[in-house]
Amino acid sequence: MVKTLIVVLGPTGVGKSDLSIRLAQFFKTEIISSDSRQIFRELSIGTAVPPPSDLQKVKHHLIHSHSVHDYYSASQFEEDALKILDQIFKEKNVAVLTGGSMFYIDAVCNGIDDLPHIDQKLRARLIFDYQEKGIEHLRLQLKQMDPAYYSSVDLKNHKRILHALEICLMTGKPYSSFRKEEKKERPFQTIKIGLNMDREILYERINQRVDRMIREGLEEEAKQYYPLKTLNSLNTVGYKELFAYFEGKTSLEEAVDLIKRNSRHYARKQLTWFRKDPEINWFLPSQENEIINFVAEKITEWE
RNA sequence: GGUGCCAUAGCUCAGUUGGUAGAGCAACGGACUGAAAAUCCGUGUGUCCUUGGUUCAAUUCCGAGUGGCACCA
């Protein structure tokens with residue numbers, strides 16, 4: 001029996017959660033969330049975690065499973081998600097992966113190169129170097145340790161340079177020697193369902209969702225975690241703008257407008273990423289029955 | 001009703017001593033292999049309100065119209 005992973009993806013606010021619950025109910029299976037922020041148990045309102053009543057309808061994984069204090073990454077997500085999929089596929093033939101974190105979805109579907117886990121002390125030291133001495137200092141080191149990667153990397157993006165340096169320093173080998181960029185074999189078939197809608201309507205939904213978050217107490221939630229504002233997990237739309245407001249850098253109204261704008265930008269960025277993936281089958285969120293039929297037919301073809 | 005001011009990008013506005021125009025924000029496009037809701041790069045999208053006139057040439061000057069604002073009645 002061929003195992004099938006249904007991937008539900010699309011821009012933030014398009015309606016992925018509702019559809020994935022429908023799909024999971026129809027195929028009598030469970031949902032793995034692929035959302036780099038809903039994974040943190042401390043965050044709920046600003047990350048638009050589905051309400052408990054929805055989470056109870058179907059078993060959900062990797063929502064609220066980690067802490068904002070934990071280091072987390074796409075490769076850890078790959079590992080976590082594959083482990084859970086393995087469990088689900090012991091009893092079921094179908095599983096649903098849903099969320100908008102493009103890189104995380106890609107790590108599960110295509111895999112990610114094998115690299116040593118990042119030493120957090122080394123990272124902290126390099127970040128300090130970057131802040132003190134600037135990007136040029138990092139570039140020079142990378143040019144020496146990995147000229148091949150140096151010639152292809154975006155030299156203005158300090159995170160790329162920094163990560164390559166981490167690997168070079170930890171292993172003594174050039175980062176580029178680890179970059180296989182090969183698609184990994186998976187013990188399951190994948191059906192990608194992309195949800196999209198008219199851009200204007202999507203933006204309107206996003207704006208309204210932000211207003212709702214504010215009514216539901218986003219300001220309180222953000223205030224609670226303001227002391228942790230330097231954590232990467234809190235470098236997140238919905239929180240960082242409110243932190244600026246707490247510091248008197250903006251008014252509340254400006255902060256809310258910025259949350260809306262940054263959410264719209266995020267949605268656009270997601271669409272840019274998804275656009276280049278020819279495996280995605282695009283639908284409107286309202287086409288629930290068409291989607292279920294489409295998936296069911298695909299599964300029958302493979303059997 | 002009278003007088004004055006204004007009308008330029010989605011918004012707020014700048015500008016052209018007459019040679020068809022540019023800032024901020026918004027918007028749009030792209031990159032992406034362990035921080036990814038992160039990080040980085042790129043793009044001006046325009047009947048210069050309408051209509052006559054002057055001029056080789058009008059968004060710019062003049063007249064009229066329309067709309068808006070202010071003041072006076």
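Below, chains carry the letters A, B, ... as their sequence lines are ordered, and counting in each starts from 1. Side chains included, hydrogens not; waters and symmetry mates left out as well; all remaining heavy atoms used. Bear in mind that the values here come from a model prediction, so they are computed numbers and not experimental data.
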Looking at every strand, decide which applies to [X] at a 4.0 Å heavy-atom threshold: base, sugar-phosphate, or nothing.
{"X": "Asp257(A)", "value": "nothing"}
{"X": "Thr47(A)", "value": "base"}
{"X": "Tyr104(A)", "value": "sugar-phosphate"}
{"X": "Arg123(A)", "value": "base"}
{"X": "Lys184(A)", "value": "nothing"}
{"X": "Leu115(A)", "value": "base"}
{"X": "Asp35(A)", "value": "base"}
{"X": "Ile127(A)", "value": "base"}
{"X": "Thr236(A)", "value": "base"}

Taking all non-hydrogen atoms of both residues into account, name the closest pair between Asp54(A) and His60(A) and its distance.
-> O-CE1, 3.9 Å

Determine the interatomic distance between C1' on rG46(B) and the same-named atom on rG4(B); round to the nearest Å.
-> 30 Å

Heavy-atom count around Glu247(A) CD within 6.0 Å, excluding the residue itself: above 12?
-> yes

With a cut-off of 6.0 Å (strictly less than), are more than 12 heavy atoms of other residues, nucleotides or ligands near CD of Gln144(A)?
-> no

Would you call the rings of Tyr130(A) and His158(A) parallel, tilted or perpendicular, where under 30° means parallel and over 60° means perpendicular?
-> parallel

For Gln87(A), which residues count as a side chain to side chain donor-acceptor pair (under 3.5 Å) partner, sequence neighbours excluded?
-> none

Contacting residues from residues 65-73 of chain A, given that a heavy atom lies under 4.0 angstrom of RNA chain B | Tyr71(A), Tyr72(A), Ser73(A)

Contact check, residues 190-210 of chain A vs RNA chain B, heavy-atom distance under 4.0 Å, returns Arg199(A), Tyr203(A)

Glu241(A)-Tyr245(A) side chain donor-acceptor pair, cut-off 3.5 Å = no

Flag for His64(A)-Ser44(A): side-chain donor and acceptor within less than 3.5 Å = yes

Checking base pairs now: Watson-Crick or wobble, both atom distances under 3.5 Å. What partners [N]?
{"N": "rU33(B)", "result": "none"}
{"N": "rU59(B)", "result": "none"}
{"N": "rG10(B)", "result": "rC25(B)"}
{"N": "rU47(B)", "result": "none"}

Start at the 5' end of RNA chain B and walk down; is the nucleotide closest to Thr272(A) or to Asp113(A) reached first?
-> Thr272(A)

Phosphate OP1/OP2 of rG30(B) contacted by Arg275(A) side-chain N/O (<4.0 Å) | yes

N/O to N/O distances under 3.5 Å, protein versus nucleotides 39-43 of chain B:
from	atom 1	to	atom 2	distance (Å)
rU39(B)	O2'	Asn157(A)	OD1	2.4
rU39(B)	O2'	Asn157(A)	ND2	3.4
rU39(B)	O2	Asn157(A)	ND2	2.8
rU39(B)	O4	Lys269(A)	NZ	3.1
rC40(B)	O4'	Asn157(A)	ND2	3.4
rC40(B)	O2'	Asp154(A)	OD2	2.6

Salt bridge (Lys or Arg N to Asp or Glu O under 4.0 Å) partners of Glu279(A), counting only residues at least two apart | Lys192(A)

Ring centers of Tyr225(A), Tyr239(A) separated by less than 6.0 Å = no

Side-chain ion pair, Arg41(A) and Asp70(A), N-O less than 4.0 Å = no

With sequence neighbours excluded, what pairs up with His61(A) under the side chain to side chain contact (heavy atoms under 4.5 Å, CB included) test?
-> Glu30(A), Ile32(A), Lys59(A), Ile84(A), Ile88(A)

